[in-house]
There are 2 protein chains.
Amino acid sequence: MEAVAALQVGIPLRTTAMPRARATLRDVSRAQTLSRAQTQCSACNLLDKCLSADLDTDTTRLLDDLVTTRVRLRKGETLYRAGGSFTALYAIRSGSLKTLLLAEDGREQVAGYHMPGEILGLDGVGNEEHECQAIALEDSEVCVLPFDRVEQIARESAAFQHNVHRYLSREIARQRTLMLLLGTMRADQRLAAFLLDLSQRYQARGYSSSEFILRMTREEIGSYLGLKLETISRLLSRLQQEGLIQVQGRVVKLLERPALRQLVGQSN
Amino acid sequence: MEAVAALQVGIPLRTTAMPRARATLRDVSRAQTLSRAQTQCSACNLLDKCLSADLDTDTTRLLDDLVTTRVRLRKGETLYRAGGSFTALYAIRSGSLKTLLLAEDGREQVAGYHMPGEILGLDGVGNEEHECQAIALEDSEVCVLPFDRVEQIARESAAFQHNVHRYLSREIARQRTLMLLLGTMRADQRLAAFLLDLSQRYQARGYSSSEFILRMTREEIGSYLGLKLETISRLLSRLQQEGLIQVQGRVVKLLERPALRQLVGQSN
DNA sequence: CGACTAGTTGAGGCCAGTCAATGTTGGTGG
DNA sequence: CCACCAACATTGACTGGCCTCAACTAGTCG
């Protein structure tokens, strides 16, 4: 109960060596059990983005009772936290979340920014507990996919199994890209790459690819890119001054995409 | 054939926008088909490190005809490369390999250093082709695990399936740690963390945890840690001067492990 | 309105990169 | 066995990019 209260306030929970809390669904404000009609994956408009891609109708039917719970999160609330026992994957239906990496010494870093259709919680499969914390950046809704059910269906359907593997693997690939970014790019290149990535992901979801809203603060973006907030701020200003983008608070407009790509591309 | 020749020389293949080559087993010097007795996972001394952990005897038997091929690599040879079609996972039996990340613009970074008992190739599951290149750092031997067989067995055995998932997930966790390192640590902290990681992994394999041989050059270590070779060299000297380690070429001795841990731990 | 959070911008410092010279090691062929 | 070469490594001097510290502004919420 106290946990819930704390979360409602939306405190980022700056965990200096947090006594790894058990976090379950009770942690979030509203978990709701849903009627079957509400949860059928086959009726979900995010179909092609999720685990249910490319399945025959028989298999799709298997999925229909996979999701029995959906969770609503308010901005700032935690979906799961590091050390919390892993029981399910989460598919984002609406809104967006960030994942936060926490080291024992209090060091922390934003590990990812996640949009509708993406699946969260994959990091927990390994040792039954989550390794990072997921926090809503705005009011959001996620589907709960109990992992034992996921594994069960994967055993029954090779196609679904393959989707699961693909998702795990894609997560690996995503992180690879980030490692390259963190390991080899200058600050301005990192920011440009970040903006282009956002643009591309928004486009894939049917939103404008040239104008969008940053859901993260300068500090969060900086943390994600291994930089400080001041650097992010300065660079946004500079890119604007150079005419590559237009910034107004959190609203960003990409003006010269080729130039941005070129900036990212120059390998020194 | 030409491919083999090139590889024999051990050229690092500095691929500036390499025309993504198809790489198969023919690429490596000696792929050998083995008798059943030679390849039984149940007889492998790396048992507990590999996919066959925690299985009942029935399932273990399933694995016995999983590995039909083993590959020998000489130092500098490539096991698979980016863009090569993904057909199998590879379990390292002896030796060590590095994985190399390649961006389209020629940027490249060492993504990992891999030891016996570890599994390579997980990044290929997603889109049927490898996303990085694996190169032997010394003469090595790996078991070939055809991935369709792996998936098949996973459908038959929940325990094995779980191992597969665990492995994929662990890879994600490993990269997470690296991201934290690249995103938040100073150069000396990165190097200390690297040395401690090696130490711990050598220990887990029954080798000395306080004295070991670096199988990578300063340049490769630097690339792995997002630093330059000169920085690595300087830092190794400095850590030696401070009495924390002892370095002699590639032979490293950890003298003050607590101090190293403390160095890594201080979050600023 | 005051308190607070998020963001911008400037001045100065330091850490790691760059460039360059030199030393060391290991493999190869005469 | 030694000479030679190439790859690897060390060290120094200098530079520059990003961080730190700090002051100030803009927007938000009770």
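All chains are named by letter (A, B, ...) in the order of the sequence lines, taking the proteins before the strands, and each is independently numbered beginning at 1.
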If the test is salt bridge (charged side-chain N to carboxylate O under 4.0 Å, His left out), which one of A:Lys98, A:Arg205, A:Arg93 qualifies with A:Glu118? A:Arg205
Rounded to the nearest Å, what distance is computed from the CD1 atom of residue B:Ile221 to the P atom of nucleotide D:dC8? 12 Å
Give, for atom CG of B:Leu97 and atom CD1 of B:Ile92, the distance between the pair rounded to the nearest 0.5 Å. 5.0 Å
Which heavy atom of A:Arg190 sits nearest a heavy atom of A:Leu182, and at what distance? NH2-O, 3.2 Å
Expressed in angstrom and rounded to an integer, what is the separation of A:Leu137 atom CG from C:dT5 atom C1'? 16 Å
If you look at every strand shown and take non-hydrogen atoms under 4.0 Å, does A:Gly226 touch a base, only sugar-phosphate, or nothing? sugar-phosphate
Can you name the residues that form a side-chain contact (heavy atoms from CB on, under 4.5 Å) with A:Gln246, not counting sequence neighbours? A:Gln240, A:Lys253, A:Leu255
Rounded off to whole Å, could you give me the CG-to-P distance for the B:Leu225 and C:dC15 pair? 18 Å
Using the side-chain contact (heavy atoms from CB on, under 4.5 Å) criterion, which residues pair with B:Thr99? Sequence neighbours excluded. B:Tyr80, B:Ala111, B:His114, B:Leu120, B:Cys132, B:Ala134
Quickly work out the A:Gln241 CD to C:dT9 C1' distance and round it to whole Å. 12 Å
Between atom CZ in A:Arg238 and atom P in D:dG17, what is the gap in whole Å? 9 Å
Provide, to the nearest angstrom, the distance between the CD atom belonging to B:Glu219 and the P atom belonging to D:dA6. 18 Å
Note down the inter-axis angle between the two ends of the helix from C:dC1-D:dG30 to C:dG30-D:dC1, five pairs each, to the nearest 10°. 40°
To the nearest 0.5 Å, what is the distance between CG on B:Asp105 and OG1 on A:Thr184? 7.5 Å
Could you note down all residue pairs passing salt bridge (charged side-chain N to carboxylate O under 4.0 Å, His left out) where residues 173-184 of chain B supplies at least one of them, sequence neighbours left out? A:Asp123-B:Arg176, A:Glu171-B:Arg176, B:Glu171-B:Arg174
Between CG on residue B:Leu260 and CG on residue B:Leu239, distance to nearest 0.5 Å: 6.5 Å
With the side chain of A:Arg186 defined as its heavy atoms from C-beta on, choose the nearest nucleotide among C:dT18, D:dC18, C:dA6. D:dC18
Is the B:Phe194 to B:Tyr224 ring centre distance short of 6.0 Å? yes
Protein-to-nucleotide contact annotation, 5' to 3' order, nucleotides 10-16 of chain D [B base; S sugar-phosphate only; - none; under 4.0 Å, heavy atom]: BBBB---
I need the CD-P distance between B:Glu138 and C:dG26, as an integer number of Å. 15 Å
Can you give one letter per nucleotide of nucleotides 25-30 of chain D, going 5' to 3': B for a protein heavy atom under 4.0 Å from the base, S for sugar-phosphate only, - for none? ------
Assign B:Arg250 to base, sugar-phosphate, or nothing according to its heavy-atom contacts below 4.0 angstrom with the strands shown. sugar-phosphate
From B:Glu131 CD over to B:Leu101 CG, what is the distance, rounded to the nearest 0.5 angstrom? 8.5 Å
Using distance alone, with no hydrogens and no angle criterion, decide if B:Thr78 and B:Gln133 have a side-chain donor and acceptor under 3.5 Å apart. yes
Calculate the interatomic distance between B:Leu181 atom CG and C:dA16 atom P; express it in whole Å. 12 Å
